[in-house]
Amino acid sequence: MSEQKLPTRAEDFPEWYNTLVVRADMADYGPARGTMIIKPYGWALWENIQAALDKRFKATGHVNAGFPMFIPQSFLEKEKKHVEGFSPELAVVTIGGGETLEEPLIVRPTSETIIGHSYAKWIQSYRDLPVLINLWNSVVRWELRTKLFLRTLEFWWQEGHTAHATKEEAEFETLQMLNVYADFAENEAAVPVIRGRKSESERFAGADETYSIEAMMGDCKALQSATSHHLGQNFARAFEIRYLDKGNEQQYCWTTSWGISTRFIGAIIMVHGDDQGLVMPPRLAPYQVVIVPISKTDAERAAVMEAARAVRAELTAADIRVKVDDREGLTPGFKFNDWEMRGVPLRLEVGPKDLAKGTVALARRDKPGREGKSFVSREGLAATVAAMLKDIQQSLFDRALAFREQNTFDPKDYAEFKSAVEKGFALSYWCGDGACEAQIKEETKATTRCIPLDQPGGAGACIHCGKPAAEKALFARAY
RNA sequence: CGGGGCGUGGCUCAGCUCGGUAGAGCGCACGGUUCGGGACCGUGAGGUCGGAGGUUCAAAUCCUCUCGCCCCGACCA
């Protein structure tokens, strides 16, 4: 149950987020610093995210498997850049069963190394390729500053790991999965994203190329929402993942990895949420419709509850996820606010007046007050509701896209650039030089989020150093 | 790790300066009146005041140590 008054996004966005996540029953703090408990309501959202993604992974030929959480320390050390990238944030087990271990075990921060070990054993011939495996698991990274869903010591995610015979196939896979993520984000979560390539400094430790989808949050900061890595032959060489080609020659495989995490829940919250609370995209919402029965007398209550259950049955039959709020002792007004905070896309009210008229009241979460409220006939209700959910889904996407475009700038010079990244995204020509990038970061706190795949074409001068630049980069302050 | 703040019922906090019977609001339980936008009344349960040591006739309050958490700076899906 919820209390009143959430801080507004305008007055304190981080506080709005922290309060909301806990109040809306999405998650709670774990007892160990930086850990997170995902509560049933939050996990229900994650399950819907998983289902939407898993369907897409299967459709592109992938299969799921389970890999160990513990990785021999020596594995991490086999790929040089990979160790360097991850060693500061590893959790290491040194004691097991009361004995000091001969070789410490790493709690997986990601599974490239143990995958590499296995693929080396499994792959002998070009006939064994490609290997297309996905893992649903949790990983541990010892972060210093944590925030529920966005950065915690342990987080849940999926990591895909594939091995291919050629560079081209691996490249295709990397971009294919990037597109899967973009499709999921936009069409399931109603989160508009920018697909792009990471700069060298933002690249995954051990990758030749990292791609990401980037989204704008309600405070105009960027959130990397999923990544897809072309690992080249780096892990193949480190772990001896080789195959015999048709000409009977040993070749190193080309591998990829790609992931999206519970962090994406943070994106959903920060993209769609408003000052009333969460706004769940209908396609992923744990409950798409909440029915609030309204009655005074016992007789009314019995009749209203019967109608509520009948409506639930009708909507459930149409594959709509419905919750009847039959809690006693709470006023309807309280329940309205409660479910608005939890972000249920559509509220359905059934009261004595509706029974008399053969109607129900519908209130859209995306449109507050009278504007979003309508009274509709019980006839054909499932179709009415389904259409409205579809409309809400679309309007959430449209609104988020408009917001991003409104806050994305094309600065003419570096002075304009500086104020642009204070306010939102800046799309600017950039020379690609790491030192230049580092200076921009120091001066503005903005980083290159990605080099968008969709480029305007042509060329220009780097927004910072003025050197010739072939591509525009997306700059923003980021989570 | 550097700087700042805080630990008192489930939650938010008051009490500490000036030592003397642990408080409030919210939440929770029960009873009643309510119910189409966050209802109200009554009754009640619940705390070794983060921990250890010290000073004192007496410590939430004073002293010492310790643990933990939050916020701000260097790394990150």
Side-chain angles (χ1 to χ4, degrees), chain A residues 1-6 12 14-15 18-19 22-23 28-35 84-90 109-110 138-147 149-159 181 198 201-205 207 210 212-215 222-229 257-267 276-277 292-298 300-301 304 325 327-341 347-357 359-363 368-370 372-373 375 441-442 445 447 449 478-479:
Chain A
M1 206 173 310
S2 57
E3 294 156 38
Q4 296 171 13
K5 59 182 182 303
L6 197 63
D12 192 343
E15 195 49 35
N18 289 338
T19 309
V22 173
R23 286 254 191 90
D28 202 355
Y29 295 93
R33 182 196 69 84
T35 60
E84 286 173 7
F86 280 106
S87 55
E89 50 186 65
L90 295 178
T110 179
S138 71
V139 291
V140 169
R141 299 180 188 178
W142 213 263
E143 301 291 350
L144 301 178
R145 293 196 57 198
T146 58
K147 201 172 169 75
F149 288 118
L150 300 180
R151 185 171 301 110
T152 49
L153 294 202
E154 178 186 15
F155 58 92
W156 288 264
W157 75 345
Q158 92 13 249
E159 43 177 327
Y181 289 136
K198 284 291 191 182
S201 71
E202 298 278 335
R203 202 173 284 161
F204 175 76
T210 288
S212 72
I213 53 173
E214 302 284 333
L223 184 83
Q224 174 175 306
S225 303
T227 51
S228 186
H229 313 291
S257 66
W258 27 274
I260 187 169
S261 72
T262 42
R263 177 181 233 205
F264 194 79
I265 291 174
Q276 303 307 311
V292 179
I294 296 154
S295 60
K296 288 186 188 172
T297 65
D298 284 351
E300 274 178 3
R301 184 181 154 73
V304 160
D325 188 349
R327 289 178 292 177
E328 291 183 42
L330 295 174
T331 61
F334 181 92
K335 292 180 180 180
F336 295 171
N337 284 283
D338 198 39
W339 290 109
E340 275 169 14
M341 198 187 55
R347 180 180 74 242
L348 193 154
E349 304 167 22
V350 196
K353 292 175 202 165
D354 297 300
L355 295 188
K357 290 186 292 185
T359 60
V360 295
L362 289 177
R370 188 153 294 174
K373 197 150 176 175
F375 299 88
K441 182 177 180 181
E442 190 168 327
K445 290 180 183 163
T447 52
R449 298 324 307 149
Y479 278 95

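Remember, predicted model here, so these are calculated numbers, not experimental data. Chain naming here is simple, since letters A, B, ... match the order of the sequence lines and numbering starts at 1 in each.
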**Student:** Taking a pair as Watson-Crick or G-U wobble with both distances under 3.5 Å, which nucleotide is matched to B:rU43?
**Tutor:**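 B:rA29 is the nucleotide pairing with B:rU43.
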**Student:** Compare the ring of A:Phe155 with the six-membered ring in the base of B:rA77 and state whether they stack (centres under 5.5 Å, planes under 30°).
**Tutor:**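 One would call A:Phe155 stacked on the B:rA77 base.
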**Student:** Which nucleotide, in any strand shown, forms a Watson-Crick or G-U wobble pair with B:rG23, with both distances under 3.5 Å?
**Tutor:**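 For B:rG23, the partner nucleotide comes out as B:rC13, under the 3.5 Å rule.
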**Student:** Output the single nucleotide from B:rG37, B:rC35, B:rA77 whose closest atom is nearest the side chain of A:Gln224.
**Tutor:**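 Selected nucleotide (nearest to the side chain): B:rA77.
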**Student:** When we call it a touch if two heavy atoms are under 4.0 Å apart, what does A:Ala226 touch: a base, just sugar-phosphate, or nothing?
**Tutor:**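 Touches nothing.
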**Student:** Determine the Euclidean distance between corresponding C1' atoms of B:rC71 and B:rC28; express it in Å to zero decimal places.
**Tutor:**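 Roughly 31 Å separates the two C1' atoms.
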**Student:** Do any N or O atoms from the side chain of A:Glu202 and from the backbone of A:Lys198 form a donor-acceptor pair under 3.5 angstrom?
**Tutor:**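 No, because the side chain of A:Glu202 does not come within donor-acceptor range (under 3.5 Å) of the backbone of A:Lys198.
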**Student:** Could you tell me how far B:rC26 sits from B:rG38 if I compare only their C1' atoms? Round to whole Å.
**Tutor:**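 Those two atoms are separated by 13 Å.
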**Student:** Do side-chain atoms of A:Ser257 reach the backbone of A:His229 as a donor and acceptor pair under 3.5 angstrom?
**Tutor:**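 No; zero donor-acceptor contacts below 3.5 Å.
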**Student:** Determine the interatomic distance between P on B:rU12 and the same-named atom on B:rC6; round to the nearest Å.
**Tutor:**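 Nearest-Å result for B:rU12 against B:rC6 at atom P: 15 Å.
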**Student:** Between B:rA77, B:rG37, B:rC35, which one does the side chain of A:Arg141 approach most closely?
**Tutor:**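 Looking only at heavy atoms from C-beta outward on A:Arg141, the closest nucleotide is B:rA77.
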**Student:** Measure from the side-chain N and O atoms of A:Lys357 to the backbone N and O of A:Pro352, and report whether any donor-acceptor pair falls under 3.5 Å.
**Tutor:**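 No; zero donor-acceptor contacts below 3.5 Å.
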**Student:** Whole-Å distance between B:rU34 P and A:Glu328 CD?
**Tutor:**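 Going from CD in A:Glu328 over to P in B:rU34 covers 16 Å.
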**Student:** Looking only at atom C1', what distance separates B:rG47 and B:rC13, rounded to whole Å?
**Tutor:**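 To the nearest whole Å, 14 Å.
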**Student:** For B:rU56, which nucleotide is its Watson-Crick or G-U wobble mate, given both distances must be under 3.5 Å?
**Tutor:**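 For B:rU56, the partner nucleotide comes out as none, under the 3.5 Å rule.
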**Student:** Determine the interatomic distance between C1' on B:rC49 and the same-named atom on B:rC62; round to the nearest Å.
**Tutor:**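 That atom pair is separated by 16 Å.
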**Student:** Taking the nucleotide of RNA chain B with the closest heavy atom to each, which residue, A:Gly34 or A:Arg203, is nearer the 5' end?
**Tutor:**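 It is A:Gly34 whose nearest nucleotide is closer to the 5' end.
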**Student:** Hey, what do you get for CG (A:Leu362) to CZ (A:Arg347), rounding to the nearest 0.5 Å?
**Tutor:**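 CZ of A:Arg347 is found 9.5 Å from CG of A:Leu362.
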**Student:** Mind checking if A:Arg301 touches a base, just sugar-phosphate, or nothing, with heavy atoms under 4.0 Å?
**Tutor:**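 The residue A:Arg301 makes no contact with any strand.
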**Student:** Just call it for A:Lys353: base, sugar-phosphate, or nothing, with non-hydrogen atoms closer than 4.0 Å on any strand.
**Tutor:**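 Base contact.
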**Student:** Just checking A:Leu223: base, sugar-phosphate only, or nothing, at a heavy-atom cut-off of under 4.0 Å?
**Tutor:**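 Answer is nothing: A:Leu223 stays at 4.0 Å or more from every strand.
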**Student:** Taking A:Asp325's backbone N and O only, do any of them form a donor-acceptor pair with A:Lys335's side chain (distance below 3.5 Å, no angle check)?
**Tutor:**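 Checked: pair present.
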**Student:** What is the distance, to the nearest angstrom, from the NZ atom on A:Lys147 to the P atom on B:rC69?
**Tutor:**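 A:Lys147 atom NZ is separated from B:rC69 atom P by 18 Å.
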**Student:** Return the pairing partner of B:rC65 with a 3.5 Å limit on both distances, Watson-Crick or G-U wobble; otherwise return none.
**Tutor:**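 B:rC65 is paired with B:rG51.
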**Student:** Return the value, rounded to whole Å, for the distance between atom CZ of A:Arg33 and atom C1' of B:rG50.
**Tutor:**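 Interatomic distance, CZ of A:Arg33 to C1' of B:rG50: 19 Å.
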**Student:** Counting the atoms with a prime plus P, OP1 and OP2 as sugar-phosphate, which does A:Ser201 contact under 4.0 Å by heavy atoms, base, sugar-phosphate, or nothing?
**Tutor:**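 Here A:Ser201 touches no strand at all.
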**Student:** Can you confirm whether A:Trp156 is buried at CH2, in the sense that more than 12 heavy atoms of other residues, nucleotides or ligands lie under 6.0 Å from that atom?
**Tutor:**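 Yes, the 6.0 Å shell around CH2 holds more than 12 heavy atoms from other groups.
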**Student:** Of the nucleotides B:rC70, B:rA39, B:rG36, which one has an atom closest to the side chain of A:Thr331?
**Tutor:**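 Among the listed nucleotides, the one closest to the side chain of A:Thr331 is B:rA39.
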**Student:** Say whether, by atom type as modelled, one donor and one acceptor occur between the side chain of A:Tyr479 and the main chain of A:Gly266 under 3.5 angstrom.
**Tutor:**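 Here the side-chain-to-backbone pair does not exist.
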**Student:** Can the ring centroids of A:Phe264 and A:Phe155 be said to lie less than 6.0 angstrom from one another?
**Tutor:**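 No, ring centres 6.0 Å or more apart.
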**Student:** With RNA chain B as reference, determine whether A:Ala478 or A:Glu349 sits nearer its 5' end, using the nearest nucleotide of each.
**Tutor:**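 Going by which nucleotide is closer to the 5' end, it is A:Glu349.
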**Student:** Rounding to an integer number of angstrom, what distance separates B:rC40 and B:rG27 when you compare their P atoms?
**Tutor:**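 That atom pair is separated by 9 Å.
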**Student:** Can you check the distance between B:rC57 and B:rG19, where both ends of the measurement are the C1' atom (answer in whole Å)?
**Tutor:**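 Straight-line distance between the two C1' atoms is 12 Å.
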**Student:** Report the distance from atom CH2 of A:Trp258 to atom P of B:rA77, rounded to the nearest whole Å.
**Tutor:**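 In whole Å, B:rA77 P lies 18 Å from A:Trp258 CH2.
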**Student:** Give a yes or no on whether a donor-acceptor pair under 3.5 Å exists between the nucleobase atoms of B:rG36, that is its base, and the side chain of A:Asp354.
**Tutor:**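 Such a pair is found, so the answer is yes.
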**Student:** What about A:Arg347, does its side chain sit under 3.5 Å from the base of B:rG37 through a donor-acceptor pair?
**Tutor:**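 Pair found.
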**Student:** Would you confirm whether A:Ser261, through its side chain, and A:Arg263, through its main-chain N or O, come within 3.5 Å as a donor-acceptor pair?
**Tutor:**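 Checked: pair present.
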**Student:** What is the distance from CG of A:Asp12 to P of B:rC71, rounded to the nearest Å?
**Tutor:**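 Value for this atom pair: 11 Å.
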**Student:** Once you round it to whole Å, what is the distance between P of B:rG38 and CG of A:Asn337?
**Tutor:**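 Atom CG in A:Asn337 sits about 8 Å away from atom P in B:rG38.
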**Student:** If we take the C1' atom in both B:rG50 and B:rU8, what is their distance in whole Å?
**Tutor:**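 About 10 Å, rounded to a whole number of Å.
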**Student:** Any base atoms under 4.0 Å from A:Gly259, or only sugar-phosphate, or nothing? Heavy atoms, all strands.
**Tutor:**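 Nothing, no nucleic acid heavy atom in range.
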**Student:** If B:rC75 has a Watson-Crick or G-U wobble mate with both distances under 3.5 Å, name it; if not, just say none.
**Tutor:**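 B:rC75 is unpaired by these criteria.
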**Student:** Under 3.5 Å, which protein N or O atoms sit close to an N or O of nucleotides 72-75 of chain B? Give each pair with its distance.
**Tutor:**
residue: B:rC72; atom: OP2; partner: A:Arg145; partner atom: NH2; Å: 2.1
residue: B:rG73; atom: OP2; partner: A:Arg145; partner atom: NH1; Å: 3.3

**Student:** For A:Leu330 and B:rG36, what is the distance between atoms CG and C1' respectively, to the nearest whole Å?
**Tutor:**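 Roughly 16 Å, once rounded to whole Å.
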**Student:** List the atom of A:Asp354, the atom of A:Val360, and the distance in Å for their closest heavy-atom pair.
**Tutor:**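 Shortest heavy-atom contact: OD1-CA, 3.6 Å.
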**Student:** Calculate the interatomic distance between A:Ile213 atom CD1 and B:rA77 atom C1'; express it in whole Å.
**Tutor:**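 Taking atom C1' of B:rA77 as the reference, CD1 of A:Ile213 is at 12 Å.
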**Student:** Side chain of A:Thr227 only, heavy atoms from C-beta on: which candidate in B:rG36, B:rG37, B:rA77 is closest?
**Tutor:**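 Among B:rG36, B:rG37, B:rA77, the one nearest the side chain of A:Thr227 is B:rA77.
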